[in-house]
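Proteins get letters first, then strands, A, B, ... in listed order; numbering begins at 1 in each.
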Amino acid sequence: MKDGLVVLDEVSYSYNPDRPVLRRCCFQLDADERVGLLGTNGSGKTTVLKMIVGLLKPDSGRVRIFGKLCRTERDFREVRRRVGFLFQDSDDQLFCPTVAEDVAFGPLNMGKSREEARQIVSRTLSLLGLPRFEDRITYKLSGGEKRLVALAAVLAMQPEVLLLDEPTAGLDDAAAQRVVDVLEELPQAMVIATHDPRLLDSPVNRLLRLSGGRLVAESDGDGAIGHLQLQTKP
Amino acid sequence: MKDGLVVLDEVSYSYNPDRPVLRRCCFQLDADERVGLLGTNGSGKTTVLKMIVGLLKPDSGRVRIFGKLCRTERDFREVRRRVGFLFQDSDDQLFCPTVAEDVAFGPLNMGKSREEARQIVSRTLSLLGLPRFEDRITYKLSGGEKRLVALAAVLAMQPEVLLLDEPTAGLDDAAAQRVVDVLEELPQAMVIATHDPRLLDSPVNRLLRLSGGRLVAESDGDGAIGHLQLQTKP
Amino acid sequence: MSNVIENAGSYGASLAPTNGWCLNGVDPRTRLIAAFCFSMVVTALSSPTTLVAALGIAVVGAGWTGALTEQRWKRLIPINLLVLLLLGLLPLGGGATPVLSIGPITVAREGLVQAVLIGLKANAIVLGVLVLLARLEMASIGHALGTLGVPAKLTHLLLFTVRYLGVLQREYGRLRAAMKVRGFRPGVDWHTYRSFGYLVGMLLLRSVDRADRIVMAMKCRGFYDRFHPLDRAALTARDAWFTAIVLLVLAGLTVLEWA
Amino acid sequence: MHLHEAVLSDSPQGIGVLCLGAVGTLAGTALGLRAMDHEQVPRVALVSAVFFVVSLIHIPLGVTSIHLTLNGLVGLLLGWTAFPALLVALLLQAVLVGHGGLLALGFNTLAMALPAVAVFYLFQRMSESKHRSIHFFAGFTAGSSAILSSAFLISAALWVSGESFELAAKAVFLFHLAVAMIEGLVVGSTVVLLRQVCPERPFLTTPQGLQERM
Ligand SMILES: Nc1ncnc2c1ncn2[C@@H]1O[C@H](COP(=O)(O)OP(=O)(O)OP(=O)(O)O)[C@@H](O)[C@H]1O
Ligand SMILES: Nc1ncnc2c1ncn2[C@@H]1O[C@H](COP(=O)(O)OP(=O)(O)OP(=O)(O)O)[C@@H](O)[C@H]1O
Ligand SMILES: [Mg+2]
Ligand SMILES: [Mg+2]
């Protein structure tokens, strides 16, 4: 088996012993893939993503990232610089007073100088169409703006893989469309956990469904989206 | 115009002057109606509900409840005994340490004796299928249990009108179904703000959509649900 | 630390009543007063024999009631760190009978004895209180204080604080996880301290917003300007038994000390 | 750093310190409760809860690590209400974590809350200054001076309760010099964030300020 960027090998996980969330779940992400991760509420999508960045450690099974087996916190420290994770709730992700400081947080952690960080901030913000946002107060942004700033904060670390947990949840149509447009332009391999049919149209090129603690392929291409929509809308 | 239980007459509201949330919004709830309140995130559903119980006062327009014009905090104090409000986040609503105390909080504030309050508690809990929950600790309940206990706390005041803010948000299918079943059995007039198609099937008998700061009727009955889903997905 | 946070709100859980446990039926008020009296009496002891006896009783109690199972023994750590510190420092404070002297440093016997006695006493008290209060919900302790005459505002302050500890710990955990995935590792530098400062500020802001929502929810349920308690069960025969045993133990210790 | 009754009960002076602490805390708490009305209970409680949660955070300091205390911040936010807020938080620490004892609760609260109240009168206006550059300075001085004063009170209590504690008292105080530095930096940043995010909101204020907003 050729190694992908991210490989989960028969991982199991439970928060609570009598209700396992993942059961010998396998997953592989290759370069240039944009995987859509479907599944009902509570099926474990967030759990899978957290496992990839080592916020949760599997009860059994192996996590291999960029070809390297990751076990300890130390292994994952390296991984987290190269894998960007967008949280489900942006409020949990933005904790600095201003946008500029929040976006600079990652680069500063990676040892960049303040000058470099500042440049990265302005570059990233203009990439996402958020010019002159540097001094805005994160706590007061609208839901859509928070999402985009959180995404900027993730992209500022120049990750090779993106994990996006419901990037359009809680956004209205206009804001969601903006996020979709931005995602389409990004070059990285991605895993997008989502319920949102708007995302499945275009950024995503492979669909997986999490059910019963395992990932199963959802029929590919147009059919998949039709299928999904059939489920949402009778 | 015959007076309904709740009438909002051209109310306007803004948290922030350059982004009004409600603009001359009208609303009427009659007896036996169960209104579903739809609308994208941030469209102002919660704002409408808070206005009805006087947690927010309109910038302009009138609020008339049970035929009485309500303006001051004092007017609304009376209203709040007869209109029950279920908050979007149960953690905000269950602030007492035990379930019994939380459910008894309303009745005690209404001047009931401890003995009466205790009886109301056990009656309400068994009505909602939560027997022997009295001494459970609120912060240890699961999400679905919290929702039901919060509902019990609201019902314990024997309100004539219920305002429910996303009663099934964040619940898994089983828990959500339980809430839906309970709501179906309740006799009160209701306003249910929700995104959840599960609720629109049966407790609700009239649908309104909040958009551009106003409430517009959504086509009724079965059609409504189809329509709703059409709107979710372009 | 991280596991304290990960087991968000589990303090209460580790104190939760379980079936068939011998102090279960005893009223929290009685247990609270007993803990207080036990602390008082043991604090007043000074003879080594009595202190050893007190510690022995506490240990036996802990064994009998299972108070040290799960993670509760960890609560002995802070006090013993303090005792270790004293054990290191008190003997250096000078005294009549040096046991060891290296250059200018003299280790005195008096200090050593004093530190050991403090260690005995501290462990007896902490362990005794742990036994007497074990598996009591913080919420019940709050109620007990209320019925013992502590002002309503203060008991409600305690109850609200306990209620939202878990919520805040989860919020803290999520923010910390978000920092972690962006490569944050605490170090000894300005960036670290500033980030912690922001973290605290953000927690406070969210807390204030939540507090405002809680007040709204209270008003919606007819809250006007005071809290009405829903009172608790009366004392029972078990309380009498429990009180008798505790009194006997305390009397025994007193006699041993001064007789 | 919390003292335990076992440490202070060795001498009559120590017992005196315990009693003095209890009386002082009683008085301060009574004042604090008077300044807080029923509607403010949730706000104050959430500040206590933040204080408790934050006090569990390890912050690296050279080879060891320290816990944040933040009594200065609580003081800036709450004024006299810091007394009941800190009393509750310290009671939780005593029962749930094992920091300090039940009988020493009075003294420990006094040692934390008295500097907090002082800081409120000294730096609260400064932390609301129009000039942004001052916010950090106000927070820094408030945070570090509060913890230093607390450390001083604790050292003093040790000192008076017996000659043999002299060395321990010095050690406690010296250690807190370093801690004060870190507290200052953290509280300074917190104040900067709070002032930047809600300049219009009287959050960093007296209970009276809280009242106005309700
Ligand atoms: N910290 C936790 N402690 C205990 N159980 C948890 C925790 N987090 C999640 N769970 C449970 O694990 C299951 C999977 O959760 P997860 O968040 O991964 O689902 P999800 O697919 O992301 O759902 P959603 O669509 O609601 O985000 C759920 O049943 C949830 O209740
Ligand atoms: N306390 C507040 N201060 C400032 N703006 C607010 C406040 N509460 C809500 N808003 C803004 O008012 C608008 C309407 O909010 P509201 O909570 O009523 O929406 P909603 O329809 O309930 O949304 P959701 O589906 O997310 O619950 C949003 O744009 C929101 O950002
Ligand atoms: Mg999720
Ligand atoms: Mg809402």
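Interface residue Leu145(C): only side-chain heavy atoms are found under 4.5 Å from chain D. Neither the backbone nor the side chain of Leu8(D) comes within contact range of chain C; no heavy atoms are under 4.5 Å apart. Residue contact with chain D, scored on non-hydrogen atoms closer than 4.5 Å, involves the backbone and the side chain of Met40(C) alike. Both the backbone and the side chain of Leu157(C) come within contact range of chain D, with heavy atoms under 4.5 Å apart. Within the 4.5 angstrom heavy-atom criterion, no atom of Val187(D) approaches chain C. For Pro151(C), the part lying under 4.5 angstrom from a heavy atom of chain D is the side chain only. For Leu87(D), the part lying under 4.5 angstrom from a heavy atom of chain C is the side chain only. No part of Phe51(D) comes within reach of chain C, as not one of its non-hydrogen atoms sits under 4.5 angstrom from that chain. Only the side chain of Val129(C) comes within contact range of chain D, with at least one heavy atom under 4.5 Å from a heavy atom of that chain. Contacts of His67(D) with chain C are absent, with no heavy-atom separation under 4.5 Å from either backbone or side chain. Using a 4.5 Å cut-off between heavy atoms, Ala168(D) contacts chain C through both its backbone and its side chain.
Atom CZ of Arg43(D) sits about 11.0 Å away from atom CD1 of Ile214(C), to the nearest 0.5 Å. Separation of atoms CG (Leu205(C)) and OG1 (Thr190(D)) is listed at 10.0 Å; rounding is to 0.5 Å. Taking CE from Met36(D) and CG from Leu154(C), the interatomic distance works out to 7.0 Å, rounded to the nearest 0.5 Å. From Ile125(C), atom CD1 reaches atom CD of Glu5(D) across 4.5 Å, with rounding to the nearest 0.5 Å. Rounding to the nearest 0.5 Å places CZ of Phe160(C) at 9.0 Å from CG of Leu46(D). Here the CD1 atom belonging to Ile77(C) is positioned 9.5 Å from the NE2 atom belonging to His99(D), to the nearest 0.5 angstrom.
When the candidates Tyr164(C), Tyr198(C), Phe36(C) are compared by the number of heavy-atom contacts under 4.5 Å with chain D, Tyr198(C) comes out ahead. Of the listed residues (Val192(D), Leu102(D), Leu103(D), Leu70(D)), the greatest number of heavy-atom pairs within a distance under 4.5 Å of chain C belongs to Leu103(D). Each of Ser46(C), Ala35(C), Ala124(C), Ala211(C) has some count of heavy-atom pairs under 4.5 Å with chain D, and the biggest count is that of Ala211(C). The greatest number of non-hydrogen atom pairs below 4.5 Å with chain C, out of Ser65(D), Ser9(D), Gly139(D), Ala94(D), is found for Ser9(D). Highest contact tally toward chain C, considering only Leu61(D), Leu18(D), Ile59(D), is held by Ile59(D) [criterion: heavy-atom pairs under 4.5 Å].
Between Leu89(C) and Ala171(D), the closest heavy-atom pair is CD1-CB, 3.7 Å. Taking all atoms of both residues into account, the shortest heavy-atom contact from Leu165(C) to Val53(D) is O-CG2, 4.1 Å. For the residue pair Tyr193(C) and Ile182(D), the shortest heavy atom distance occurs at OH-CD1, 3.4 Å. For the pair Pro42(D) and Val215(C), the tightest heavy-atom approach, listed with the atom from each and the gap, is CG-CG2, 3.8 Å.
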Working for side-chain contact (heavy atoms from CB on, under 4.5 Å), residues Gln169(C) and Leu56(D): CA-CA 10 Å; Gln169(C) 273 184 334; Leu56(D) 297 172; 3.7 Å; yes
Go through Leu158(C) and Leu92(D) one step at a time and tell me if the side-chain contact (heavy atoms from CB on, under 4.5 Å) criterion holds. CA-CA 9 Å; Leu158(C) 174 64; Leu92(D) 291 176; 4.0 Å; yes
Just do the side-chain contact (heavy atoms from CB on, under 4.5 Å) check on Leu204(C) and Leu77(D) with the steps written out, would you? CA-CA 10 Å; Leu204(C) 277 171; Leu77(D) 298 177; 3.7 Å; yes
For Leu90(C) and Leu167(D), what are the C-alpha separation, side-chain angles and deciding distance, and is it a side-chain contact (heavy atoms from CB on, under 4.5 Å)? CA-CA 7 Å; Leu90(C) 289 188; Leu167(D) 212 57; over 6 Å; no
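Between Lys219(C) and Glu39(D) there is a side-chain heavy-atom pair separated by less than 4.5 Å. Side-chain contact check for Phe165(D) versus Leu86(C): some heavy-atom pair is nearer than 4.5 Å. Residues His2(D) and Pro78(C) are not in side-chain contact: their nearest non-hydrogen atoms beyond the backbone lie 4.5 Å or more apart. Two residues are said to be in side-chain contact when any heavy atoms from C-beta on lie closer than 4.5 Å; Tyr172(C) and Ile57(D) meet this criterion.
For the pair Arg75(C) (side chain) and Leu96(D) (backbone), a donor-acceptor distance under 3.5 Å is present.
Between Asp37(D) and Lys153(C), no side-chain nitrogen of the basic residue sits less than 4.0 Å from a carboxylate oxygen of the acidic one, so the salt-bridge criterion is not met.
Remark: the Gln114(C) side chain and the Ser164(D) side chain contain an N/O donor-acceptor pair separated by less than 3.5 Å.
Enclosure of atom CE in Met216(C) by more than 12 non-hydrogen atoms of other residues, nucleotides or ligands within 6.0 angstrom is indicated. For Phe173(D), the CZ atom sits in a packed shell: over 12 heavy atoms of surrounding residues, nucleotides or ligands are nearer than 6.0 Å.
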